[in-house]
Number of protein chains: 2
Amino acid sequence: MSMARAVTLRDVAEAAGVSVATASKALNGRDDVGAETRRRVEEAAARLSFTPNALARNLASGQTGTVGLLASDLDGRFSIPILMGAEDAFGAERMSVLLCDAREDVIRERHHLSTLLARRVDGLIVVGSRTDPRPSIGRDLPVPVVYAYAPSADPQDVSIVPDNVGAGIMVVEHLLSLGRRRIAHIRGDVTYAAAHDRIAGITSTLGAAGLDLLPPHSFGSWSEAWGRAAADAILAESPDVDAIICASDQIARGALDTLRDRGVGVPDQVAVVSFDNWEILALGSRPQLTSVDMDFEALGRLAAQRVFESIAGTTTPGVESRPCRLVIRGSSVKGA
Amino acid sequence: MSMARAVTLRDVAEAAGVSVATASKALNGRDDVGAETRRRVEEAAARLSFTPNALARNLASGQTGTVGLLASDLDGRFSIPILMGAEDAFGAERMSVLLCDAREDVIRERHHLSTLLARRVDGLIVVGSRTDPRPSIGRDLPVPVVYAYAPSADPQDVSIVPDNVGAGIMVVEHLLSLGRRRIAHIRGDVTYAAAHDRIAGITSTLGAAGLDLLPPHSFGSWSEAWGRAAADAILAESPDVDAIICASDQIARGALDTLRDRGVGVPDQVAVVSFDNWEILALGSRPQLTSVDMDFEALGRLAAQRVFESIAGTTTPGVESRPCRLVIRGSSVKGA
DNA sequence: CTGTTAGCGCGTTCAT
DNA sequence: ATGAACGCGCTAACAG
């Protein structure tokens, strides 16, 4: 509560009996300063508990040590892990992340964009809530921009997305390795690219093994209710099914409910696998869910790295896919 | 990608053929500037798409227009809605929020604290992941600090917490209004203050109605697995139960599973209510969950308001409780 | 090695 | 109504 004036470098310099410039060098660990002098300055700084004014530092150096994270997912399900990954990669001491949530609103996004630019962020990470291409926020902005999760529609931009096709491949390979052959798929929302990418990986891998997805083949939503209904339909139409791939953990939760209601053993009779590895869902079910983790933190780390490269001027534009990670649990492997 | 030098006020002034000072006044809407001159300056600024450098502006003004949000919940479940509420209250155009996640790590928290102070944030909101008092981050910091969700252990600090006692009262009143009398409670983690506060509200309200909680009375964890086990125990020990209050949505999901397995109708035979209103869980179940929402956004708005007041110097320290909100759905009222 | 001089970009006096 | 000059706190270039 005691709102005392902040101590400045000048105060430190005076206390140490040196010039401001020398104090600056001493504290910034530059080598052209005497050992004894440095000690005195550091001692003074510590005694006064000096905190350098980042604003002034940045204004002088031309860099803000800040990157903007322009997010669009209302619940932070993607942006928080991506933020944490980015913090890790940047090294929290050097870079701070300014998080703005546009709440899926274009106006708000433009607005946040301009305040971030006004704050002279050194870079920008744009996080979307789905992997469908989204409009670019602009071509020649004064700072490097990296799109994470949702790629930019402009191929000149730098984008990083999870490899959903690869994710589809992984789950099928897992099921095949378990000896499953009669595999059905509960699709997600038809309007999502992720739904189609996962199907592409699934069907191509099945095809290579001479197999096909069991019917039915309809799309739905990402909800548990859809998972319940779709699982019902599968049991009716393809009663010999031995594995169900669910397009999301929510769907899988619904499917598990139906299987349980019908007395179908999981994983003995039917193995269940899904995507997202949303732990609150995946760990609570009976049995726990085998699921593909998109590794948002890694996405965030990579995005941060690309921002750095862009600052240095060495980035190739385009959309880059990051591999996902299969987390095996009891819904596909007994006791896992 | 074209990393052109940012345009400065000076560029605008030259383009408009005026001095920097005049340009500044014109753009900041001060009245001592000619109408025609102002027009020319504004036109030039627009043409060059001038964005004032917030750093420089802030360095001069001594205010950064930035508040720090020091969070500790790894998944952003609390901090994101609180952030959004704060953004709303501040008005996104005037204030930006710098989000730092300490990941429940004291060292990291100290570290983030110092970088936030170095950035000269105008205020600080500290968000914890549980309502138990947490150590104060320090008494005489150069900026106002408001604790949200997790109160500070120092009564001299300003804290805002959800009213968990009131939440307990609300659910009981709801159940009583539905005619339920044989009420059991599945407790959460015994180490959490929230678990005890909710019980306090529950038992006092029941007591006022001449009722008692049905056994068993043991604590557990916040998990679905505990919810399943505890519901089993309740049915065994108190088979005439007509309502179960679950300490969290996760617990409620587990309880619903058990009730379904046992063929107990919800809400006909047993009404189920819970706390958190975590929509991913509350909306996916059969039936959907009646749950108490802690209204984090309102918490964030209030925190922002308190920060403002503290800047102005008019805040009374202490812990303030915010009322929660009961969201009624099908698990307690048929068809709701 | 150290201190002096110049800015960084803007807002704000004060003359004019 | 306009502009020159100064300062915010710090870093960077140059002298000494």
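Just so we're on the same page: letters track the sequence lines, and every chain starts at 1.
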Derivation of the side-chain hydrogen bond (donor to acceptor under 3.5 Å, both in side chains) call for R120(A) and T66(A): CA-CA 8 Å; R120(A) 296 294 188 270; T66(A) 309; over 6 Å; no

Tell me what G62(A) touches on the nucleic acid: a base, only sugar-phosphate, or nothing, going by heavy atoms under 4.0 Å. nothing

Quick check: are there more than 12 heavy atoms from other residues, nucleotides or ligands sitting under 6.0 Å from CZ of R110(B)? no

Does the side chain of R30(A) come under 3.5 Å of the side chain of S24(A) through a donor N or O and an acceptor N or O? no

Any carboxylate oxygen within less than 4.0 angstrom of a Lys/Arg side-chain nitrogen, looking at R39(B) and E36(B)? yes

Between E104(B) and R130(B), does any side-chain N to carboxylate O distance fall below 4.0 Å? no

Return the value, rounded to whole Å, for the distance between atom CG of N58(A) and atom C1' of dC8(D). 14 Å

Distance, rounded to the nearest Å, where R119(B) contributes CZ and dC10(D) contributes P: 15 Å

With a 3.5 Å cut-off and no angle check, do the side chains of R134(B) and S152(B) form a donor-acceptor pair? no

Is T22(B) near enough to dG3(D) that one of its side-chain N or O atoms lies under 4.0 angstrom from OP1 or OP2? yes

In dot-bracket, 5' to 3', how would DNA chain D read with Watson-Crick or G-U wobble pairs under 3.5 Å, [ ] for crossing ones and | for pairs to another strand? ||||||||||||.|||

For the residue pair S136(B) / D157(B), report whether a side-chain donor-acceptor contact shorter than 3.5 Å exists. yes

For chain A, the stretch of DNA chain C it reaches, first to last nucleotide, under 4.0 Å of its heavy atoms: dC1(C) to dG9(C)

Below 3.5 Å is the cut-off: list the nitrogen or oxygen pairs between protein and nucleotides 12-15 of chain D, distance only.
from	atom 1	to	atom 2	distance (Å)
dA12(D)	OP2	R30(A)	NH1	3.3

Could you state the CD-P distance from E14(B) to dA4(D), rounded to the nearest angstrom? 12 Å

Between A35(B) and L55(A), just flag the one whose closest nucleotide in DNA chain D comes earlier from the 5' side. A35(B)

With under 30° as parallel and over 60° as perpendicular, where do the rings of Y149(A) and F78(A) fit, or are they tilted in between? parallel

Most 5' of A56(A) and S19(B) on DNA chain D, judged by nearest nucleotide: S19(B)

Could you walk me through whether S310(B) and T315(B) satisfy the side-chain hydrogen bond (donor to acceptor under 3.5 Å, both in side chains) test, starting with their C-alpha distance in whole Å, then the side-chain angles of each, then the deciding distance to 0.1 Å, before giving a yes or no? CA-CA 5 Å; S310(B) 297; T315(B) 328; 2.9 Å; yes

In sequence, state the C-alpha distance, the side-chain angles, and the governing distance for N58(B) and T64(B), and then conclude on side-chain hydrogen bond (donor to acceptor under 3.5 Å, both in side chains). CA-CA 5 Å; N58(B) 295 335; T64(B) 56; 5.8 Å; no

Rounded to the nearest 0.5 angstrom, the SG-CG distance for C100(A) and L70(A) is 6.5 Å

Just checking L59(B): base, sugar-phosphate only, or nothing, at a heavy-atom cut-off of under 4.0 Å? base

In whole Å, what is the span from the CG atom of D31(B) to the P atom of dA1(D)? 8 Å

Separation of atom CZ in R39(B) from atom P in dT2(D), rounded to whole Å: 13 Å

